[in-house]
Amino acid sequence: MTLIQTIILSIIEGITEFLPISSTGHMILASKILGITATEFTKSFEIIVQLGAIGAVLFLYVKKIIEKPKTIKPLLFSFIPTAVVGLLLYKIIKQFLLGNPYVTVSALFLGGVILLFIEKIIKPQTENKEIAELSPTRAVVIGLCQSLSVIPGVSRAAATIIGGMGVGMSKVEAVEYSFLLALPTMLAATGLDLLKTGFAFSSSEWMLILVGMAVSFITALITIRSFLSHIKHSSFAFFGMYRILVAVSYLYLVG
């Protein structure tokens with residue numbers, strides 16, 4: 001993987017991580033288009049580069065977390081289901097799901113259809129409530145939804161947003177909860193992968209990882225602010241149509 005390819009993938013990660021369109025799915029499809037061979041390093045890169053994106057969340061929300069520490073409790077309850085699924089299915093995810101464009105395309109298409117109708121199926125609350133008020137049961141339900149995102153193309157953001165709206169959150173609240181839930185989830189995913197690989201990367205590979213994290217941090221910072229502003233006045237239908245278009249276009253152009 002070259003430096004230019006790394007920068008392109010990292011921009012894609014930063015833009016797509018917090019949008020309901022699947023960052024992992026986009027990186028898998030982009031890697032295929034760019035001719036990047038799927039290796040243990042490239043699969044690890046797709047996981048580790050997310051640290052840059054969640055760094056943007058920490059940068060934007062650290063003050064809120066410090067001022068309202070009760071926010072941490074529901075996040076931990078939501079994190080548990082994903083942690084269990086990730087630990088149990090790590091080998092299957094790494095060997096058979098990551099790097100598989102057909103699993104990704106199928107999940108993108110199905111998720112797109114769901115997003116097209118989500119606001120007709122689920123009636124979100126119009127008023128924001130404190131995330132700290134979320135009950136453990138509802139937090140676990142959101143976590144179960146997030147655990148589906150181990151399938152590339154599902155989108156962690158989409159799964160948690162849909163789960164949040166499903167338990168009564170407003171759109172904006174569900175989106176912000178999705179941002180915050182990325183912190184323990186992505187840290188754990190990266191930590192697990194580093195432990196499993198034994199930090200066995202060459203100096204040039206570490207350089208690509210660091211560049212990728214820096215680029216994804218900057219692009220995620222811009223994306224988070226833009227997405228929050230957009231979703232206050234718009235529906236998720238655009239993202240649903242986009243997902244379907246990407247899936248169909250990939251199958252038509254690449255097959």
Side-chain angles (χ1 to χ4, degrees), residues 16-25 50 53-54 56-58 60-61 64-65 68-89 93 107-108 110-192 220 223-224 227-228 231-232 235-236 239-240 243:
T16 59
E17 178 61 47
F18 301 106
L19 302 181
I21 55 177
S22 179
S23 60
T24 304
Q50 295 173 123
I54 67 167
V57 175
L58 192 60
L60 291 172
Y61 285 92
K64 182 175 182 178
I65 295 171
K68 299 178 180 178
K70 288 184 179 180
T71 301
I72 296 172
K73 183 178 178 180
L75 291 173
L76 292 177
F77 275 106
S78 292
F79 167 67
I80 291 171
T82 307
V84 173
V85 171
L87 284 170
L88 293 177
L89 301 182
I93 295 167
L108 277 172
L110 181 58
V113 172
I114 292 172
L115 281 177
L116 279 178
F117 298 100
I118 193 62
E119 285 170 297
K120 294 183 179 180
I121 299 170
I122 298 175
K123 299 298 181 183
Q125 297 294 318
T126 55
E127 295 183 4
N128 286 343
K129 299 179 181 178
E130 291 293 334
I131 289 175
E133 296 174 6
L134 192 66
S135 70
T137 301
R138 291 185 177 185
V140 169
V141 169
I142 297 173
L144 289 171
C145 291
Q146 180 181 244
S147 68
L148 295 174
S149 66
V150 298
I151 304 170
V154 166
S155 170
R156 189 202 60 80
T160 52
I161 290 168
I162 291 171
M165 290 170 60
V167 299
M169 286 181 161
S170 69
K171 283 198 301 182
V172 173
E173 187 183 25
V175 168
E176 287 201 316
Y177 193 76
S178 174
F179 294 162
L180 293 172
L181 188 52
L183 291 171
T185 304
M186 295 300 101
L187 281 172
T190 301
L192 178 62
T223 301
I224 289 170
F227 184 37
L228 269 178
I231 209 61
K232 287 178 182 178
S235 74
F236 292 105
F239 298 106
R243 289 173 65 115

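No experiment lies behind these values; they were computed from the predicted model shown. Residue numbers run from 1 in the order of the sequence given.
- Contact detail for I231 and K171: the closest heavy-atom pair is O-NZ, 3.3 Å.
- Nearest heavy atoms, S170 versus M165: O-CG, 4.5 Å.
- Sorted pairs that involve residues 77-88 and meet salt bridge (charged side-chain N to carboxylate O under 4.0 Å, His left out), not counting sequence neighbours, are lacking altogether.
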Practice task
Given side chain to side chain contact (heavy atoms under 4.5 Å, CB included), test I142 with L134 step by step and report yes or no.
Solution key: CA-CA 10 Å; I142 297 173; L134 192 66; 3.8 Å; yes

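- A side-chain donor-acceptor contact under 3.5 Å links R243 to the backbone of V154.
- Note that the CD atom of E173 and the CD1 atom of I161 stand 12.5 Å from one another [nearest 0.5 Å].
- Residues S22 and L108 are in side-chain contact: their nearest non-hydrogen atoms beyond the backbone lie under 4.5 Å apart.
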Exercise for the section: Check the pair I162, L115 against side chain to side chain contact (heavy atoms under 4.5 Å, CB included), reporting the backbone distance first and the verdict last. Expected result: CA-CA 8 Å; I162 291 171; L115 281 177; 4.1 Å; yes

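- Atom CG in L228 sits 8.0 Å away from atom CD1 in I224 (nearest 0.5 Å).
- In this view, K64 and Y61, E176 satisfy the side chain to side chain contact (heavy atoms under 4.5 Å, CB included) rule, not counting sequence neighbours.
- Remark: F18 engages F179 in a ring-ring contact (aromatic ring centres under 6.0 Å, His included) (not counting sequence neighbours).
- Scanning both residues, A53 and A220, for their nearest heavy atoms gives CA-CB, 3.7 Å.
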Tell me which donor-acceptor pairs under 3.5 Å the side chains of residues 72-82 have, and how far apart each pair is, sequence neighbours excluded?
residue: S78; atom: OG; partner: P74; partner atom: O; Å: 3.2
residue: S78; atom: OG; partner: A139; partner atom: O; Å: 2.6
residue: S78; atom: OG; partner: Y177; partner atom: OH; Å: 2.7
residue: T82; atom: OG1; partner: G143; partner atom: O; Å: 3.4
residue: T82; atom: OG1; partner: Q146; partner atom: NE2; Å: 2.8

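- Listed by chain and number, the residues in a side chain to side chain contact (heavy atoms under 4.5 Å, CB included) with L187 are L51, I54 (sequence neighbours excluded).
- Each salt bridge (charged side-chain N to carboxylate O under 4.0 Å, His left out) pair with one or both residues in residues 153-167, not counting sequence neighbours, appears once here: E17-R156.
- Between G163 and C145, the closest heavy-atom pair is CA-SG, 3.7 Å.
- Applying the salt bridge (Lys or Arg N to Asp or Glu O under 4.0 Å) criterion to K68, with sequence neighbours excluded, gives E130.
- The side chain to side chain donor-acceptor pair (under 3.5 Å) analysis of residues 157-168, with sequence neighbours excluded, yields the pairs T160-S178.
- Note that NZ of K70 is 9.5 Å distant from CD of E133, once rounded to the nearest 0.5 Å.
- How far CD1 of I118 is from OG of S235: 11.5 Å, rounded to the nearest 0.5 Å.
- With sequence neighbours excluded, the residues forming a side chain to side chain contact (heavy atoms under 4.5 Å, CB included) with I93 are L89, L97, L98, V150, listed by chain and number.
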Problem - Check against side chain to side chain contact (heavy atoms under 4.5 Å, CB included), L183 and I65 - result: CA-CA 11 Å; L183 291 171; I65 295 171; 3.9 Å; yes

